[in-house]
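Here's the structure, in structure tokens; my notes come after.
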There are 2 protein chains.
Amino acid sequence: MSQGWRYGDAMAARVTLQTIADRVGVSRMTVSNAFSKPDQLSVPLRQRILAAAQELGYVGPDPAARALAKGTTGAVGVVFTHSLRFAFTDLVATGFLGAIAEELAPTGLSLTLLTSSDDGDIVPARDVAMDGALVYSCDWTSRAVDFLHRRRLPLVYVDQDPVDDIPSVNVDDRSGARAAARHVLDLGHRRIGLLLSGTHGPYGLLDDPGVVDGHSSRQRLLGWLDEFGPAGVEVMSARQDGTGLEQARWGARLLLDRPDRPTAVLCFSDAVAYGVLQVAAELGIEVPRQLSVVGFDDNPLATQVRPTLTTVRQDIAAKGRAAAATLTATIARAKAGTSAPAEHVLLPTELVVRESSGPVNPQ
Amino acid sequence: MSQGWRYGDAMAARVTLQTIADRVGVSRMTVSNAFSKPDQLSVPLRQRILAAAQELGYVGPDPAARALAKGTTGAVGVVFTHSLRFAFTDLVATGFLGAIAEELAPTGLSLTLLTSSDDGDIVPARDVAMDGALVYSCDWTSRAVDFLHRRRLPLVYVDQDPVDDIPSVNVDDRSGARAAARHVLDLGHRRIGLLLSGTHGPYGLLDDPGVVDGHSSRQRLLGWLDEFGPAGVEVMSARQDGTGLEQARWGARLLLDRPDRPTAVLCFSDAVAYGVLQVAAELGIEVPRQLSVVGFDDNPLATQVRPTLTTVRQDIAAKGRAAAATLTATIARAKAGTSAPAEHVLLPTELVVRESSGPVNPQ
DNA sequence: CAAACCTTCTTGACCGGTACAGAAGACGTG
DNA sequence: CACGTCTTCTGTACCGGTCAAGAAGGTTTG
């Protein structure tokens, strides 16, 4: 266990490669090699050097210095628009990050979480050292993302409008949303509510889907409209101002607490759908007899609530793995100086029918 | 929005402070000040420098170089024994990390997640640049933690045996466990099962509580035994080999699927208790009529399951905030060179009685 | 009017490593 | 024995910044 180090002598002269070199009587470079390129020197000498290092309390090359000299830090960033709290609260986000962490582990890369905040003294996207970054579901007007680009960092976009030069990983939100829409149409629903989440923006979103921010939100909405437009059904929408449960409930109430309420509600996410189920229960509306509810994501929540949620599955773990793999590949390519056309991964979605949806008005 | 950068010219000569200095016709230092110490130069000159920087596509001082020169990185680490997947799966861990992230946000510090793995080429705890680290619920035999110490990094121990020189944040696990134990004693239970979780180790843990790894596990077990020892009750224990739900179920079955099964089970965590509830239901054992179950943590899960869980609450968000605050304070102190006695925070716990516990054998 | 002071900018050293070319010795070879 | 080749180690030039002390000029002050 821990010994050889002590506290209270914080002011002790720092031990560097040179300290050890002097002690052993070799050049600084040889000591460096003893740590970083073991095959570049004889075994006995290396032993002596390592022993001296141990004795002097030297742990290994200073990471910051090494980062500067090698141009490599051993860490990659993940950038969110949302506050980081979200990264640990939302089940979809945690699933995603967990998969990334798992995929990254064998590479030895560490994961640094960044917000896209750019007020304040330190702007992480500009001031934190990293080898590359995942841009996850970010507001694309964000200055933080712009910093990342200008730093010429290897980037991968996830749940983000693809850009030609930047590798991206997305799920086929639009097809998934279409499948959900067809599902309720097939069940006979003709008065349909749509419930999005987002951080801000006007409400008449059906007039201009482009105004919805967030790539996924936009694509899912477009998918719904792909089907509903031609079918000529009556569509009503609400949009809550935030991603919390409270916001979802607020939106749900807007949609359900009225005489001409929809017979089916499509939700941007399972988390939102959960809010709808709660509100429906409170209003005494039976699901699925009087109301069909369809979520999105196939969040673990979807099978925990009653009735279980009909939803559109995306393989969030696969998304995380793909994102991590693409990023490491992009970093490797940048390091090697080779350039290849950016890869754009599109993962499939799949409608999962459970208990929360059913035919309209059954006797 | 993004413009001014392009891809494909990755090999373009790097723009550094010197490039800009030459362009504007000032010294490198002045350019540095333009970015890092705006009040050290005249406003018009600063404007010219910033304009030139913009034009040349210079984003700001290189983080790695700055880190070396200033001795500050702008990131702090969190070290786990468990795989990082755990950090995103376990509700207690995510709550903790979320609170840390929130507390850290205004300071501008980024959060780097590290595993304590020390095989492989890169050993994060040794090779990643950071200003300090939180050691969270780590196996104390871990070499990673030893590296952190030898690097003289400011550290804070969380859910870890306190060490004199190292600031720590803990919850009063032992008192909490005692309260839980008293609770079931008061309800008349005399045949009691204990269910721990852990990563490895022998099973006869009642003979030697010290062998239980994990500070919290150990303290909770000790708290239970504090009460049960003197009361002379019959105690049976099981210990699952891991932290997943499957392991919890396995341990629960060991305890419940036998004729002399306990009338009450105390669990190391709510996650474990959840497994017990499942197994009890499968075996047709009614909770709380035939079996009382007590969890620990007051995980959100505790109020979602039926019956709701009697448990010992710890304020996980407060723990996260305290940990982050203590760490930033410790870092500040280290930077200032001042030394003060290490602070040891102990947060309270509180028994929360809900539906899963009741008197033994009621008619 | 000279001494004391700002403000603004420059100079040189240093942070702690790594890359790369080359020197010195050991070894096989024709 | 001269020569090419390895292996092992050294010297020097970076990596891209920041720090601390000082110089140059303009202002206040006694």
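Order of the sequence lines sets the chain letters (A, B, ...), proteins ahead of strands, with each chain counted from 1. Nothing here was measured: the structure is a model prediction, and the numbers come from that model.
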Exercise. Taking only N and O in the side chain of B:Ser27, is any of them less than 4.0 Å away from OP1 or OP2 of C:dT11?
Worked result: no
Exercise. Looking for any heavy atom pair under 4.0 Å, which part of the strands does B:Tyr58 touch: base, sugar-phosphate only, or nothing?
Worked result: sugar-phosphate
Exercise. Of the candidate nucleotides C:dA19, D:dC9, D:dT10, which contains the atom at the shortest distance from the side chain of A:Val26?
Worked result: D:dT10
Exercise. Is the base of D:dT12 touched by the side chain of A:Arg28 through a donor-acceptor pair closer than 3.5 angstrom?
Worked result: no
Exercise. Ion pair present between B:Asp159 and B:Lys319, side-chain N to carboxylate O less than 4.0 angstrom?
Worked result: yes
For this session: Check the distance between D:dC14's P and B:Arg14's CZ and give it to me in whole angstrom.
Result: 16 Å
Exercise. How do B:Asp39 and A:Met29 order along DNA chain C: which one's closest nucleotide is nearer the 5' end?
Worked result: B:Asp39
Exercise. With a 4.0 Å cut-off, would you call B:Arg28 and B:Asp22 a salt bridge?
Worked result: no
Problem set entry | Proximity to the side chain of B:Ser42 - top-ranked nucleotide from C:dC9, D:dC9, C:dT18 | C:dC9
For this session: In whole angstrom, give the distance that lies between atom CD of A:Gln18 and atom P of D:dT10.
Result: 11 Å
For this session: Using whole Å, report how far CD of A:Gln40 lies from P of D:dC6.
Result: 14 Å
For this session: Let me know the distance between NZ of A:Lys70 and P of C:dC15, rounded to the nearest Å.
Result: 22 Å
Exercise. With a 4.0 Å cut-off, would you call B:Glu55 and B:Arg23 a salt bridge?
Worked result: yes
Seminar exercise, completed: Regarding the side chain of A:Leu45, the nearest nucleotide among C:dT18, C:dC9, D:dC9 is D:dC9
Exercise. Centres of the A:Tyr58 and A:Phe35 rings: under 6.0 Å?
Worked result: yes
For this session: Report which part of the nucleic acid B:Thr30 touches: base, sugar-phosphate, or nothing (heavy-atom distance under 4.0 Å, all strands).
Result: base
Exercise. Taking atom P of C:dT10 as reference, at what distance in whole Å does atom CG of B:Asp22 sit?
Worked result: 12 Å
Exercise. Considering heavy-atom distances to DNA chain C, does B:Ala65 or B:Asn33 have its closest nucleotide positioned more toward the 5' end?
Worked result: B:Asn33
For this session: Starting at atom CZ of A:Arg46, determine the distance to atom P of D:dT7, rounded to an integer number of angstrom.
Result: 18 Å
Exercise. Quick one: B:Leu17 CG to C:dC9 P, roughly how many Å, whole number?
Worked result: 16 Å
Problem set entry | Student check: side-chain heavy atoms of A:Val158 and A:Asn170 closer than 4.5 Å | no
Exercise. Do any side-chain nitrogens or oxygens of A:Ser36 fall under 4.0 Å of OP1 or OP2 in C:dT18?
Worked result: yes
Exercise. Taking the side chain from A:Asp131 and the backbone from A:Thr72, do they hold a donor-acceptor pair closer than 3.5 Å?
Worked result: no
Exercise. Below 4.0 angstrom from OP1 or OP2 of D:dG16, is there any side-chain N or O of B:Arg66?
Worked result: no
Exercise. In whole Å, what is the span from the CG atom of A:Asp127 to the P atom of D:dG16?
Worked result: 17 Å
Exercise. Base, sugar-phosphate, or nothing for B:Leu68, non-hydrogen atoms under 4.0 angstrom?
Worked result: base
Problem set entry | Distance test, side-chain N/O of A:Lys37 to OP1/OP2 of C:dA19, below 4.0 Å | yes
